[in-house]
Each structure stands twice: as structure tokens, then as C-alpha cells.
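A short worksheet on the structure shown next.
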Amino acid sequence: MLRTLTLTCCVVLLFALNILSGPTPLPWSEAVDTLCGGGSETARFIILDSRLPAAWTALLSGAALAVGGLVMQTLFRNPLADPSILGISAGAGLGAAVILLTAAGATLLATASAAMAGAMLAIFLLTAASAWVRSASALLVVGVMLSCLLGSITSLLNFFATDEGVRSFVIWGLGNFSGAYGHRLAVYAASVMLPFLALPFAAQTLDALLLGDDYARSVGIDVRLHRTLLLLLVGWLTAVTTAVCGPVAFIGLAVPHAARRVASTALHRRLIPCTLLLGSATALACLFVTRLPAMLHISPSVMPLAAITPLIGAPVVIVLLLRGNR
């Protein structure tokens, strides 16, 4: 309980920090006044239309990717598994590529819709494969091959695209937390909150699957059905997050390992809330770091999100590989 409370306080503090500070200088007193209903028109735009939606998006997407990584690592009993490994992120990238590389001046909504369609295609193919493949390791290989296949199609589209299209796709691939605002943020929030509500009911199933498929069957769990349902849940969270934020790497890989250290347990009823909170805190911290150069007047623009998240995830992967070869 104390650890959960501490993580909650960290999330609240980071959330407040991202609202009160940003590339455009604004006194904290004016920011607070704007949140209370006052403030100038400029302050309302900065706080309510820019910083607040970005902070909410970071909070939700960090939680979604982190818990998705936790479920993936449990399903496949592989510490290096994460949501992107099953081809869902590659499917979203292919959908975005079709729009950005072939349609001049594609809107944000069109890009997000296309990315969502590509991700759902990957989910459909993966779900169909899970009905035929019996072992989790074989399904993991199918997911990796699907990711490679979709990625190669995206590369071919890049080869034949115009310079403007390639530039637009590269910018989308850098990732950001500013793609959801207004009604889009409300839709995104509802899309990720509904799966979150189902997670507590999956805790005992995940505990059983962690001990192996044979043990799960011995306690009456339909392994194939529950595995498919959990993959759909992870796929949906990854799909909507990638569609809104672009590809966000390493949060789903690194955060579950940190959550296990913080929670000091393998029980998912404790791991799930810890992972959700730690994922939100990590994403909010990344959002703040991307703004630092502009806040310190080093650069006029924010750093790309894709350049920040590997700074967290890559060291975790290296440590895991080093430990595995000792």
C-alpha cells in the first residue's frame, strides 16, 4: 500500500510539473489561475489546449504500454517480450505509411485512423494464428515474422514515395504525446480505460499462466482462449496508443521489470497497479525531458520522443542480456 501511494504521488507530481512548465514561459501563478477558470486567452491555449492534453496522453499511454508489456512477458514467459514484438506496432506503422507516403497533406485524424486500421489488421492476423498455434513460443515467432513482413512492406512504400511523404512519415515515427486533444483525447481515454477495468479479473489467470500452460490447465483454465483474449487486450491497447502517439519504444519492455523490483512480488494483483502507475510516471518523465532543451533555451523545439524512451529501455535490455550470459 505504501509503495502504491508513493508511486501515485510521483505520478501526480510529474503530471503537475508537465502542466506548470513547458517550452513557452508562463508563470506558475498564471498557470494555476488558468486551471481554476481564469487566465488570459494565451494562457488558456497553452495550458488547456497544449500542456494538459499532452500530460493526460502521456499518463494513459505510459500505463497502456507498460501493462501491455507485463501481460506479454507473462504470456510468453520471456523477459524481453513487449507489445511491439507481435507486429502490432509494425501494422500501425504500415497504416500510417499508406496515408503519409501516398496522400499529400494527410491530416492527423486520417493518419491516426490509418494507423489504427493497420494495427487492427495485425491483431486479426495474430488472433487467427493463435487459433492454430498451440505453444506460446511458436506464436511469439509468428509475431516476430509478422512484424518483419509488415516492416518490409513499409520500407517498399518508403522507397517509392516522394520526399515530402517520406519526411511526413519520419516525423510521425519520431512519436509524440500531443496527438490527442478535445474529443480525440476523450475517445482515447475511453479506449484505454475499458481494458484497464478488465485487468483485475485477469490477475489470477496471469498468475497461473506464469507457472506454465500445464499448471494453468490443471486448475481449469482454457489456455488457448485466455491467451487469445489477453492478446486481444494487449493488441487493442498497443493499437490505439500507437495510432495516437506514434511508435513509443521500450516503455512496454522496461517498466514491467522495474515494477517487479518495486513491488517485490510476482502476484499480478499487486503487479498490475504498480505497473500502471510506474508506466504513467515514466511516460510523464519522458514528456518533461523532451521539453528540457526548449525550456533551457538550448533549442527552439522539443526533442523527439523516440530519442528519449530508448535511454530508459536500452540499459534494461543490456542488463538482462548480461545477466543471462553470466
Side-chain angles (χ1 to χ4, degrees), residues 1-19 55-85 177 192-193 195-211 230 233-234 237-238 241 245 248-290 292 305 308-324 326:
M1 178 63 73
L2 180 60
R3 293 170 182 173
T4 302
L5 182 61
T6 302
L7 285 175
T8 302
C9 291
C10 288
V11 171
V12 172
L13 289 175
L14 286 168
F15 188 88
L17 185 63
N18 277 287
I19 293 176
W56 275 116
T57 303
L59 184 147
L60 293 169
S61 61
L65 294 173
V67 81
L70 174 65
V71 173
M72 289 283 294
Q73 291 169 14
T74 299
L75 284 179
F76 297 107
R77 296 186 292 281
N78 187 329
L80 297 179
D82 79 326
S84 63
I85 204 170
F177 290 132
V192 297
M193 288 301 294
F196 287 169
L197 297 176
L199 287 172
F201 301 100
Q204 290 186 344
T205 299
L206 290 169
D207 288 339
L209 290 173
L210 187 62
L211 298 176
L230 288 169
L233 184 144
V234 173
L237 289 174
T238 307
T241 299
C245 305
V248 182
F250 285 108
I251 289 181
L253 174 61
V255 171
H257 295 289
R260 292 186 187 95
R261 296 292 299 271
V262 172
S264 300
T265 182
L267 294 175
H268 285 81
R269 63 184 178 86
R270 296 181 182 176
L271 269 179
I272 289 173
C274 184
T275 303
L276 289 170
L277 291 169
L278 196 56
S280 294
T282 302
L284 287 167
C286 289
L287 174 61
F288 179 76
V289 172
T290 60
L292 274 179
L305 185 64
I308 301 302
T309 52
L311 295 177
I312 298 173
V316 173
V317 176
I318 293 172
V319 170
L320 288 173
L321 291 174
L322 292 177
R323 286 183 176 180
R326 289 176 66 178

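The distance from the CG atom of L59 to the OG1 atom of T282 is 11.0 Å, given to the nearest 0.5 Å. Here CD1 of I19 is found 11.5 Å from CG of L14. Values are rounded to the nearest 0.5 Å. Annotation: the span from R3 atom CZ to T6 atom OG1 amounts to 9.5 Å, rounded to 0.5 Å. Between the CG atom of L277 and the SG atom of C9 there is a distance of 10.0 Å, given to the nearest 0.5 Å. Note that CG of L70 is 11.0 Å distant from CG of L278, once rounded to the nearest 0.5 Å. For the atom pair OG (S61) and CG (L305), the distance works out to 8.0 Å, reported to the nearest 0.5 Å.
T290 contributes a side-chain N or O that, together with a main-chain N or O of L287, makes up a donor-acceptor pair within less than 3.5 Å.
Taking each heavy atom of A58 and L284 in turn, the nearest pair found is CB-CD2, 3.9 Å. Residues R270 and T265 share a closest heavy-atom pair of CB-CG2, 3.8 Å. What you find for V255 and G279 is that their closest heavy atoms are CG1-N, 3.6 Å. In plain terms, the two heavy atoms of L206 and T74 that are nearest each other are O-CG2, 3.3 Å. Residues G62 and I251 approach most closely at O-CG2, 3.9 Å, considering heavy atoms. Closest approach of A259 to C274, counting heavy atoms only: O-SG, 3.8 Å.
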Requested in this report: Go through H268 and L199 one step at a time and tell me if the side-chain contact (heavy atoms from CB on, under 4.5 Å) criterion holds.
Outcome: CA-CA 9 Å; H268 285 81; L199 287 172; over 6 Å; no

Query raised in the report: Yes or no on side-chain contact (heavy atoms from CB on, under 4.5 Å) for L311 and F250, after CA distance, side-chain angles and deciding distance?
Result: CA-CA 9 Å; L311 295 177; F250 285 108; over 6 Å; no

Report task. Check the pair V11 / L7 against side-chain contact (heavy atoms from CB on, under 4.5 Å), numbers first and verdict last. Result -> CA-CA 6 Å; V11 171; L7 285 175; 5.5 Å; no

Query raised in the report: Can you check side-chain contact (heavy atoms from CB on, under 4.5 Å) on R260 and T275, steps first, answer last?
Result: CA-CA 8 Å; R260 292 186 187 95; T275 303; over 6 Å; no

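Here the two rings, on W56 and F177, have centers that are 6.0 Å apart or farther.
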